[in-house]
Structures are given as structure tokens and as C-alpha cells.
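Letters A, B, ... mirror the listed sequences (proteins, then strands); counts begin at 1.
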Amino acid sequence: MEYNAQSLEKEWQEYWAKNRSFEPDEDFTKEKKYILSMFPFPSGRLHMGHVRNYTLSDTFARYYRQQGFNVLHPIGFDSFGMPAENAAIKNGSHPKGWTYDNIDYMKGEFKTLGFSFSKERELATSDELYTKFEQGFIIDMFEKGLLYRKKGLLNWCPHDQTVLANEQVVDGCCWRCDTPIVKKDMNQYYFKITQYSDELLDDLKKLEGGWPKQVLTMQENWIGKSNGLEFDLFFDDMSLTKLNNKFKSFDVFTTRPDTIYGVSYTALAPEHEIVTYMIENNLLSNEVIAEIKKMKNTSSIDRQKEKSGIDLGLHVVHPLTGKKIPVWVANFVLMDYGSGAVMAVPAHDERDFDFAKKYNLEINAVIKPFEGEADSDKAYTEVGELFNSGEFDGMNSKKSQYNIIKHFEENNIGKKTTNYKLKDWGVSRQRYWGAPIPFVHCDDCGIVMEKKENLPVALPDDVEITGEGNPLENHPTWKHCSCPSCGKDAVRETDTMDTFVESSWYFLRFCASPENWEKEAFSAEQIKYWMGVDHYIGGIEHAILHLLYARFFTKVFRDLGYLDFDEPFDKLLTQGMVLKDGAKMSKSKGNTVDPDALIEKYGADTARLFILFAAPPTQELEWNDSAVEGAYKFIKRFFDRSSNILKTDTIPTIEHSSLSKDEKFARKKVYEALKRADEVYNERYTFNTMIAGVMEAMNALNTQDNSDVWSEGYWILSSIMEPVIPHVCWQISSEYFSLNNLTSQRVLEEVFVEDSVTLGVSINGKRRCEIEVAIDEPKDSIIELAKEKAEKWLEGKTIVKEIVVPKKLVNLVVKG
RNA sequence: GCCAGAGUGGUGGAACGGUAUACACGGCGGAUUCAAAAUCCGCUGCCUUCGGGCUUAGGGGUUCAAAUCCCCUCUCUGGUACCA
């Protein structure tokens, strides 16, 4: 029979669908594996990155099914988000129609790729049922104080009249109309993720070994914990008068309390409340006010180009020396870190140094190197010895930090503090295609939660998407409602949620049995059984945001009593990008490969085999058309040579000692491949080497013609390869083995037993020749033999050391 | 700048301190064919005076033995970016 990928694959896909082959069992006494790949946004078509992602998870899922596990391998669609609205603006489609059409198409693609997803648990996060439960959780979080509303600075496009996400701001301008964006103070909802900063950081330790180190480091840096000293700087009398006694002091934070005696000025962020007060009350000249306003309106990228600042004409008193210190406003001071104000030590901080140089401010060194002199052309930021530092003179700067903080605390003028880079997560979007935030604004009651029995607060279908303003805000009737608390006329919140909220808990929803989907988001029992995710597979681009948010939600759900563990994903595999001509595949570069076309030409098995064979999963994968062709040829050969198999329902029993050399070798290669497969599936995930092992075994099988050896070989190889190239393996297995071999296979150690072994002989570590010796040859005679064979290289030399590594090599160390 | 990770044939990549270049792609040669495709078989790191010599970005070290461990330099990729 000819290998016809298309018809063969279609047949098995129908078979699997008909037999519900991939639905998880509801029997919770079985051992489970939860295999999850990051779900896609329904952009319209799968790209090669998706194919790689789902091939990887499918390979794990199929392997564990073979091993007898109860496997959950679900898929869904992260289906809210801006691209649906952009498509609406561009072609007048409705976001909902566009989204669900795309989902239908992509489901078809999943099927033709042979992915073993659970069909019955498929979901889209834009489904009203999903929104319903999500809004329920939002309400829970609001009640717990984990969701709050406050004014915050947002990216605002004055032309499109909308808030933009940070990712939509390109070089300080709106990505769509190129208008420079401005920061606008608006009410926004925030998740109090900072309440979990320490736990999110500390629990990274629990993930060591299971998660790539790189991702752990990225999260650690993102959380950005730093310890230091926080203290108040008090204004002198003149400044107090100038500020109408409105402010007595401001707060600063430093990680370098050891440099405290070197403070020569202080700087406030342009957005600092004292600066704002001075502007609003005309306490500064018009030129200065204009200058500060300009500073505030400069994009963060431009702000980084050059440091600039203005003397505010105020002074504070140094907390230890009592010296007067000038107060400046400076563009490099960030409002959203610490208190938005810094003490400046130009002698020991590069930024402070640059600024001091530019404006001719004092530079007072207080730390010197233990040996030699510090370079006065730049800041000395290393550890050293304190001087000009009062009672702390002579101390090691690093060690003095503890003493100085203690001094501040004992005198009640400051305290030890921890700061984080991590900020609360702003989740409201002035967008249509998202989950509505289920709150109501009532003149009398304030912000009121919608009653849970009224959920979901669903999106209206009849909207006009123009790209300007918020369609929910502009809708004639949708937002008008009555207050859930007092019943008076009220207005719905028109903000929708960031789509990262949906992806923060979808893995929990997949644990729910479909028969209860309407009733509950999931049950404690289901979560307890299926979580944590045993293998989570996806792109490194989600290393921070999605993975951090999902960890945060897990901890919140734990504290809400929905589950009882701390971390959702036990093992994380981050796949590399798919490249063509050395660049990431993208439509704009025109270097994409369409999965559908590939499947049409070669079939899904070829696509899957190539993707797993071309590179290890974590590495980038360079597309190569002729290597794809090579994968196809291998499958074809694998299929064609199956004609050497004898039909059997059990693995053949073979008398190993009666076999020829080639036959023995073939068996050895087959079992080597099996050994390697176990290792790859369980520890290394380097499917490329597993496939290479199978190819070697195939090559070895082909050098002999014992049909029992062929049958045994195929029994094992088609079992190993089923997770990779399932269609052709099911075909072979059903034709010859009644599908009995698609289970876990046992390694037969007897095939590795040999009576002689070849050893490499090295002189001074350089390999010169080889010898063949009996397996139990004593060390002395091995050395004797090696000397004989290597005589040529030993002439006139003295052997000073002899090393024998059993079954590997002999190394003779010579002199002279 | 800082933090990760990586540098192995013409190419993708093997080698968890022990025979470097497995497996594949590409190339070359042969068989088959009227011819081609397909298929099958063989060769293929570099240099060579055909004895051999040299090779894992470069330099040093540890070791009987280093692609692998340590130090320095260079290059590339990713993340992050005035975080006080």
C-alpha cells in the first residue's frame, strides 16, 4: 500500500473523534497528568509558533496516555482583545462574529494536525458563561479589597479619544494615528498585586527545577525588591514660609544609607505633590512653571535622553549634619517608585553625579577605596571605607549600612524599608471587546457591585465600533440601570477588563467537568485532582506578565478559599521562536510558512516530525524546506518498510543468543532508542535526539531480514513515535498489532549484554588506536594489549600512569 | 549600562569530564530508467610532502582526560532599562 498521508490522517482523525479518544476520565482515583499549552488568541489562522507549541503538548499528552495516566489536555481561545475591534474598524465586521468565525476555522486546523485535545472542554473566554464566573471572582476580589479604584496616570490619545495600553504606545505616539500621547489622570481599577509581592518573590524558590532559570530571574527582576532606609527631610524655616506651611517635609528612600553624609542636594519628580502645589499656587516663576510642564509632557523615552532639572529655591535640613541642602525638581526622578523623591549623593551615584556636573552642584565624597584613590571623574559606587561621616568614619561602607539604619531608627528619624518595582495591576480598558467590570455607579451608594444572580453583565451586540471613544459609553441604553443596592437610577461601569484577567484563571476552568459547566466555575474536588498543571508549554514572551498574573490569581483564589495550593504550574517549558531566513516569521517580512499548505502537501505527521526533529524545544527553530522534505521521506520509509512485519497481537519473543551479529545489533539499537525515549519524555524533552535514536534503529533494522526482529522493532518504534507522528503509527499499529503496542514498553537488558567490547587507546589523552577485549578482560591484560597495539607511539618513552575506564578507553600517560 | 543564555562541519544540530562532529539536510559518485522523478547503495570536518598533522569563538588554568569545570577577552541573541 502506498503512503497517503491525507487520507490516512483523515481516517484516524475521524476515528479519534468518534471514539472520544482524548476525553479525560472522571475517575479521580487514577493517576493524572495535566498537560497544558498556552491558549491562542483567535487571530484567524494558526502560525508555525502555534504548531510548535501544540505539537509539544500533544506529544506529552499522548505519551502519558500510553503510560496509563488519566490525561487532561484541553484547549481554548483567549478571545477578547483589541485585534477584534481593529478588524471591526477596518472591515466593518462585528468583533463577535469575527472572533467566533476565526475560532471555528482554527478548530478545524487543530483537527487536521491531529492534536489530542479534549473537545468537550473547549472554551472561549468571550463566552458569556466564562464572563459570568469571572465577574463573580472580580466581585469577590473587590469585597476583599484586592480590587480598588483610584486616579492614575494613563496613556491617552487626544485624537482617538481613548486610553492606550503601554504596548500600543510606539515611540511615544499612538500606534494607529501617530498622535503623540499624553499622560492623563483618570479613574482606573487596580488589582492589589503588590500585596503579594513578597510571596510572589519567595515562592519562585518552589519553582526552581520545574521552571527555566531565565524565567525565574526575569520575574525576580520584575518584582524588583530592594531594602533600604526611608526617612523624612524637613524644610528649613524660609522654605516652610514659602510653602505656606502646607508641607513640613517629604519622604525619601535610599538603598545606600552608607552614603548619607555625602548628600549634597535632593530632587523631586516633576509630578510630586509639592511641585504640583507650587505650580498651582504660582510659587514659581512663569518660565520655571513652563519648564516643569514641558518636563511632565515629555515621553519617558525622551526623558531618558538627557538629565535636566530646576532649582526650586527650597532647602531641607540634613538629618545628621543639620546642613542646608537645596531641593531641585529633576526629570530622572520617577514618581511611581518609592516616594517620588530622592536624596542625591553625586560622589557615589552615577545619575546624581551626571546631574551635579551639569548644574555645578557640590560633590562630597564619603567613601574611599580600601586601597588607592578613587577616580574623581566619575562616581565611586564600590564598597570602601567611610570618611567625613561623623561617628561612622573608618567603617566598611557595606557593614555601616546596618549601623546607620539602626541610628536612624533609635533616634526616630527614619526606618528600614523595602521597596518594589512591581506596581498594582491596572485592569480597566475603555474598550468594547472585553469582559465588563460588573459594577454600578450610584449617586447615593457610590460604587456598587452587581448582584451575583444577575451575572453575567453581558456586552450589548448593537454597537458601533469606530475606534474613537468607548462604544459602551456611547451606547444609547446599555449603561443605564438601577442601583443593585438602593434601586435608584444608576449608571453601569463602561470600562472592560484587561484580557490578561481571562488568561489568569482559564487553567482552573478546564478542570471543571463539562456536565457542571453551567452551574459552577469549577469544584474544589476537580481542582484538587487536576491541579497543578504538570507541563505548561508556551512562548517565552509570557515569561513575566501572564505567568506572574496567573500566579497572583492562584494565590488570591487560595485566600478566597477556592483552592489550597500556592503555585499553578509545576513545570514550565518555554519554546523557542520559529524563524525563517534567520528572522521571526511575520506577515510584514513575508517569510511565513502556512501550516495549512504544509499539511496539504505532506500531511500533519510530517509537520510534527520536522518541528520536533529540527531543534530542541527551547531553542529557536530555523525553517528549512528540504529538511521538511526529509521528514516526509522518513515517514514514508517508516510506512513502506512496515511490510517486513509479521502480524502479531503480542511482542515477539526472541532467543537473542541465536541471532546473527546484524540482528543482535538491530535489537540493541531498538532498545537503545526505547531507553532514550523514556529519558527524553521524563527528563530532557530533547525530542530531536529521541527521533535520531529511532532513525538509527531503523537504519540498523534495515541491515538484517529476520522478520521477528523487524516485528519487535516496529512494535517498539511505533510506540515510541506515536506521540510524535500519531496517524501513521496508529495505521501501522492497527494493521499489524491490533493497536496493542501503543502502551508503555519494557526495556530488555539482555540485548545490551555483549561478550567483547572495543576500547579506545589514548596516549596522553590523545586517541591513537583501539583494541577489542573480552567483556571481563582483567585490567592488566587490557593494559598489556593496549601497549602492544600502541607500540609505535610508546617508543623511547616511559609510561608514568595507566588509566582504564571500563568499557570506554585506556589512557597511557608517558614522559620523554 | 545591568541581568540571563549561547558560540561545535557547507546547514540544523549530537556528545550530562572518557573514541568530537551521532541523526538529518545539502553536496559528490554509483545502481535502477529510453530519460526524468521516486527509490536504493556508497563517500563527505580541515590541512597533508599520504608518515601524519590540526580542529568545538580566542587566550589561560584545573585534570590521567575538557566542547563540557574555572578565570579573562571577543561576538551574537533575549530580557530590562535613570528603580534611588
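Backbone-only contact: A:Gly630 has heavy atoms under 4.0 Å from sugar-phosphate atoms and none from a base. Using a 4.0 Å heavy-atom criterion, one finds that A:Glu620 contacts the sugar-phosphate atoms exclusively. Within the 4.0 angstrom heavy-atom criterion, only backbone atoms of the sugar-phosphate kind lie near A:Ser226; the bases stay farther away. When heavy atoms are screened at a 4.0 angstrom cut-off, A:Val813 is found touching the sugar-phosphate backbone but no base atom. Using a 4.0 Å heavy-atom distance criterion, A:Arg684 is classed as a base contact. Residue contacts shown for A:Val694 are absent, as no nucleic acid heavy atom lies under 4.0 Å away. Contact annotation for A:Arg768: backbone-only contact, meaning every heavy-atom pair under 4.0 Å involves sugar-phosphate atoms and none involves a base.
No hydrogens or angles considered: a donor-acceptor pair under 3.5 Å links the side chains of A:Thr194 and A:Asp424. Defined by atom type and a distance below 3.5 Å, a donor-acceptor pair is missing between the side-chain atoms of A:Ser264 and A:Glu362. No side-chain donor from either of A:Ser400 and A:Asp258 sits under 3.5 Å from a side-chain acceptor of the other.
What separates CH2 of A:Trp793 from P of B:C64 is a distance of 24 Å, to the nearest Å. Straight-line distance from the CG atom of A:Asn419 to the C1' atom of B:A84: 9 Å, rounded to whole Å. The NZ-P distance, from A:Lys808 to B:A15, rounds to 14 Å in whole Å.
Not a single donor-acceptor contact under 3.5 angstrom links the side-chain atoms of A:Glu350 to the base of B:C2.
Between A:Arg641 and B:C40 there is a side-chain N or O to OP1 or OP2 distance below 4.0 Å. Side-chain N/O atoms of A:Asn688 include one lying less than 4.0 angstrom from OP1 or OP2 on B:A14. The shortest distance between the side-chain N/O atoms of A:Arg351 and the OP1/OP2 oxygens of B:A81 is not below 4.0 Å. Of the side-chain N and O atoms in A:Asn699, one or more sit less than 4.0 angstrom from OP1 or OP2 of B:A24. Distances shown here put a side-chain N or O of A:Asn702 below 4.0 Å from the OP1 or OP2 atom of B:C41. Remark: A:Gln619 is in phosphate contact with B:G13, judged by side-chain N or O atoms under 4.0 Å from OP1 or OP2.
In this structure, B:G26 shows a glycosidic angle more than 90 degrees from zero, which is the anti conformation. A glycosidic torsion no more than 90° from 0 defines the syn conformation, and B:G51 adopts it.
The residue from A:Leu612, A:Ile725, A:Thr686 that alone fulfils the side-chain contact (heavy atoms from CB on, under 4.5 Å) condition with A:Ile691 is A:Leu612.
Pairing of B:U33, defined by two Watson-Crick or G-U wobble distances under 3.5 Å, is not identified with any nucleotide.
Ring geometry for A:Phe638 against A:Phe634 counts as parallel: the plane angle stays under 30°, on a 0 to 90° scale with 60° as the upper cut.
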